[in-house]
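Following: one structure in structure tokens, then a few remarks.
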Amino acid sequence: MPRFGLCCMFKEQPIKFRTTTATSIGKMDRLKALEKIDNLCMQNAESLMLALQFCNQNDIGCFRVNSQILPIKTHPEYGYEVKDLPNGNEIVNQFIKCGEFAKQNDIRTCFHPDQFVVLNSPKENVVKASIRELEYQAEVSEWINADVINIHGGGVYGNKTEALKDFIQNFKSLSQSVKDRLTIENDDKSYTPEDLLPVCHKINIPLVYDVHHHRCNKDIYSLREATEKAKETWNREPLFHISSPIDGWQGRKPQRHHDFIDLKDFPEYWNVSNLTIEIEAKAKELAVLQIREELSNNIA
DNA sequence: AGCGGTCAAGTTGAT
DNA sequence: ATCAACTTGACCGCT
């Protein structure tokens, strides 16, 4: 069986990650603001441990960490360094404990920076902010032993080839810590596996193959071919994504995610070991447990 | 305590 | 032109 991954949050389990808004933080004096952020970070570090323990108890081998695990960490005005928080050392220690727990129990962790991280934007400040965000997530990755920070190709700006050249150029300015973890994922509108595989080979980063996106945004490769080619880009256990369309493939918005994974959407050749599959489904842990149950019934 | 408006950020494509 | 979609509703300030 593959290793299944849970994304960021829980549907039923009472495990919550907290955040705040820049507006609210901006209204406070700096001391009060840092106190509040300190609180949220500590609670999130504790929640992460609970999340990992839940995964361990339920044989969920991978957990994706929310980008806001340290809220507004890279905000241009209200951002901060963890060492400047009142309990910064304890917060780091709690994350390191999470990393030790994950390692001991073979739980893989990863990040998926959100849509604002665009490495190939023509706007210099967008690239700068993206790099700041990647460096922050790499810092936490080191504490918790996360081995993947996964982003999309970014914008097209009228010319895919040129846009991907910019991606490669800007990749070079990243720290080694980010480079070692950065992966690129095919998306549902712009970049297909066919577009991205040459980038993977050129700068030696893995392809996170999203089969749902590939079904929305097709190229010359069959799903099986893309699976094989994506696997070849990995120097460690490959990591893929799956989801099912909210109203079926004939529905109005097939790119929207369903609560659960439809067994029919699961490629049978993905039911193998040495593969991580993140389950992108709105029912979260329930969806992970369900697809695993269905797959084991299917074999029996 | 409950409720509704708001939330840092980019890009694309549907309406 | 506006808005939803993207890993996801949660937070905050008002009553």
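The sequence lines fix the lettering, A, B, ..., with proteins before strands; numbering per chain opens at 1.
- Aromatic ring centroids of His212(A) and His258(A) lie 6.0 Å or more apart.
- You'll find that the side chain of His257(A) is closest to dC6(C), out of dC11(C), dC6(C), dG13(B).
- Base pairing in DNA chain B yields stems of at least 3 consecutive Watson-Crick or G-U pairs, both distances under 3.5 Å, namely B:1-7 with C:9-15, B:10-15 with C:1-6.
- In this structure, Ser24(A) reaches the dC12(C) phosphate: one of its side-chain N or O atoms is under 4.0 Å from OP1 or OP2.
- Counting non-hydrogen atoms under 4.0 angstrom, Val156(A) reaches the backbone sugars and phosphates but no base.
- Counting any heavy atom pair closer than 4.0 Å across all strands shown, Glu185(A) reaches no nucleic acid atom.
- Salt bridge annotation for Arg3(A)-Asp106(A): present, with a cationic side-chain nitrogen under 4.0 angstrom from a carboxylate oxygen.
- For the pair Glu278(A) (side chain) and Cys7(A) (backbone), a donor-acceptor distance under 3.5 Å is absent.
- In this structure, His214(A) and Tyr209(A) have perpendicular ring planes: the angle between them is above 60°, well past the 30° mark.
- Met9(A) places its CE atom 4 Å from the C1' atom of dT8(C), with the value rounded to the nearest Å.
- Atom C1' of dA5(C) sits at a distance of 16 Å from the matching atom of dA9(B), rounded to the whole Å.
- Under the 4.0 Å criterion applied to side-chain N and carboxylate O atoms, Asp147(A) and Arg181(A) are not assigned as salt-bridge partners.
- Asp114(A) comes within 4.0 angstrom of a nucleotide base, judged by non-hydrogen atoms across all strands.
- Atom name P, nucleotides dA4(C) and dC7(B): the rounded distance is 15 Å, in whole Å.
- Side-chain proximity of Arg18(A) to dC12(C), dC11(C), dT8(C): nearest is dC11(C).
- At the heavy-atom level, Lys11(A) lies nowhere under 4.0 Å from the strands shown.
- Not a single donor-acceptor pair under 3.5 Å links the side chain of Lys73(A) to the backbone N or O of Glu133(A).
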